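Read through the structure below, which is laid out as structure tokens, and then see the notes.
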Amino acid sequence: MAVTATDAIHPRFAKKPLFYSIGLKIALVQLSVGKDKSKNVAQAVKKIHQAKAKGAQLVALPECFNSPYGTKYFNDYAEEVPLGETSRALSQAAAEAGVCVVGGTVPERCGDKLYNTCTVWDINGKLIAKHRKMHLFDIDIPNKITFKESEVLSPGNELTIFECNGVKVGLGICYDLRFQEMAHLMAKEGCGLLIYPGAFNMTTGPKHWELLGRARATDQQLWVALVSPARDANAEYVAWGHTTLIDPWGAVVAKLDEKEDTLVHTVDLSMVEDVRNSIPIRLQRRTDIYDTVRKS
Ligand SMILES: NC(=O)CC(=O)C(=O)O
């Protein structure tokens with residue numbers, strides 16, 4: 001069988017990627033998150049306006065930005081999307097600032113189920129995408145960390161791609177970063193940037209956070225943004241921090257430490273095409289032997 005130039009693209013998505021001769025100024029907000037939900041949300045709104053003042057066209061918040069990260073908190077902090085107070089605040093902030101907002105994640109209530117959900121708001125405050133964490137964080141590292149999101153959360157079943165200023169952006173949430181098939185499908189469907197709100201911890205953070213981000217960027221030859229909450233050493237779950245932006249060569253172009261801060265950088269989408277032209281692995285995959293296929 002002949003080797004095909006590209007593997008099959010899901011019919012729901014356009015075959016042609018959008019982008020590539022443009023820059024997109026993004027702000028990654030490493031937010032301090034505590035137990036006071038309204039305070040968390042107000043701080044996020046403040047950071048969105050500050051990022052806009054620095055010229056950002058897209059502002060991304062971290063995983064679980066309105067609630068402490070822990071299974072015992074999710075039910076109490078959960079809200080319906082888009083009816084809840086957090087959705088309303090993000091919609092208003094996006095519209096008032098005139099900026100696209102990738103709303104980190106919140107615990108979402110839908111019927112009798114809870115999800116770990118990222119919402120995306122356009123410059124008019126309209127909800128344009130919603131991603132539910134597909135791969136739940138269930139791990140057990142003896143004497144280090146045991147976490148079982150599946151005790152209270154349900155997984156999402158959809159890939160999520162949206163468009164901002166002509167750039168196709170793919171979304172994953174934290175543990176989703178470990179699954180290269182998901183990143184591959186989003187790249188195949190035209191994304192030039194993948195954004196992962198995430199909250200790695202003090203065990204897996206130093207070992208895997210940057211490594212996985214660089215792996216996804218290198219494998220898929222696109223930009224990868226990892227957005228963490230700031231570290232709170234007194235929290236039950238201590239986040240690693242180190243919000244990071246990685247270019248399509250797999251190089252870290254900007255990185256925060258563990259404190260609250262915002263990383264602002266212009267993502268040059270022409271680099272995606274340059275890297276793909278220079279190292280044409282997309283055309284060299286042996287799809288006659290193996291493949292990654294979208295099933296829904
Ligand atoms: N918190 C997560 O979902 C993922 C994580 O911390 C890890 O993969 O490590």
Side-chain angles (χ1 to χ4, degrees), residues 28-34 40 60-75 77-78 102-108 113-119 130-160 170-184 186 194-220 224-233 235-244 246 252 255-258:
L28 311 179
V29 180
Q30 185 161 288
L31 198 72
S32 283
V33 178
N40 294 334
L61 303 173
E63 182 176 32
C64 225
F65 77 93
N66 71 350
S67 151
Y69 187 55
T71 50
K72 73 177 185 195
Y73 295 107
F74 294 153
N75 187 48
Y77 284 74
V102 176
T105 79
V106 297
E108 178 199 359
K113 292 192 169 160
L114 298 177
Y115 299 92
N116 188 343
T117 300
C118 177
T119 55
K130 179 171 102 165
H131 179 68
R132 291 171 168 163
K133 192 173 190 171
M134 287 176 62
H135 302 92
L136 296 182
F137 180 44
D138 285 3
I139 65 163
D140 184 15
I141 307 177
N143 306 318
K144 298 279 189 197
I145 175 169
T146 300
F147 206 100
K148 289 229 178 322
E149 276 189 323
S150 65
E151 283 172 354
V152 293
L153 298 180
S154 298
N157 297 316
E158 296 270 355
L159 294 183
T160 308
L171 285 177
I173 298 171
C174 206
Y175 205 57
D176 285 339
L177 176 63
R178 293 187 180 272
F179 297 85
Q180 58 90 15
E181 295 89 343
M182 186 178 163
H184 180 68
M186 293 193 287
L194 302 182
I195 300 179
Y196 292 91
F200 274 37
N201 49 76
M202 299 302 288
T203 301
T204 60
K207 293 191 193 315
H208 294 158
W209 174 251
E210 182 181 314
L211 179 71
L212 286 166
R214 294 186 66 191
R216 297 295 82 84
T218 310
D219 288 347
Q220 305 312 328
V224 170
L226 310 177
V227 197
S228 172
R231 187 179 307 163
D232 173 1
E236 288 141 89
Y237 182 96
V238 182
W240 171 236
H242 292 90
T243 289
T244 302
I246 302 151
V252 172
K255 180 160 86 165
L256 300 179
D257 58 19
E258 76 287 358

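Every number for a ligand or one of its atoms is a count from 1 in the order of the listing. Since the model is a prediction, treat every value here as computed from it, not as a measurement.
- Interface of Ala199 with ligand 1, defined as ligand atoms under 4.0 Å from a residue heavy atom, comprises 1 (N), 6 (O).
- The contact set between ligand 1 and Asn201, taken as ligand atoms under 4.0 Å from a residue heavy atom, comprises 6 (O).
- Within the listing of ligand 1, atoms 1 (N), 2 (C), 3 (O) sit less than 4.0 angstrom from a heavy atom of Tyr69.
- Proximity of His208 to ligand 1 is not established, as no heavy-atom distance is less than 4.0 Å.
- When only non-hydrogen protein atoms are considered, atom 4 (C) of ligand 1 lies nearest to Cys174 SG, 3.2 Å.
- The 12-atom threshold is not exceeded at NZ of Lys144, counting heavy atoms of other residues, nucleotides or ligands nearer than 6.0 Å.
- Of the possible polar contacts, one joining the Thr218 side chain to the Arg214 backbone as a donor-acceptor pair under 3.5 Å is found.
- Contact annotation: Lys133 has at least one heavy atom less than 4.0 Å from an atom of ligand 1.
- Looking from atom 5 (C) of ligand 1 to the surrounding protein, the closest heavy atom is Phe137 CE1, 3.3 Å.
- Scanning both residues, Leu114 and Ala78, for their nearest heavy atoms gives CD2-CB, 3.6 Å.
- Judged purely by atom type and a 3.5 angstrom limit, Ser228 uses its side chain to pair as donor or acceptor with the backbone of Gly241.
- With Thr105 contributing its side chain and Cys64 its backbone, the two residues share a donor-acceptor pair below 3.5 Å.
- One N or O on the side chain of Gln30 and one on the backbone of His242 form a donor-acceptor pair closer than 3.5 Å.
- Residue Trp240 places every heavy atom at 4.0 Å or more from ligand 1.
- Polar contact check, Thr204 against ligand 1: a nitrogen or oxygen pair lies under 3.5 Å apart.
- Between the side chains of Gln220 and His184, a donor-acceptor pair is found at a separation under 3.5 Å.
- Under the 4.0 angstrom criterion for non-hydrogen atoms, Tyr237 is in contact with ligand 1.
- Atom 8 (O) of ligand 1 has Arg178 NE, 2.6 Å as its closest protein atom, hydrogens excluded (heavy atom only).
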Stepwise ring-ring contact (aromatic ring centres under 6.0 Å, His included) check, Phe147 with Tyr69: CA-CA 11 Å; Phe147 206 100; Tyr69 187 55; 4.9 Å; yes

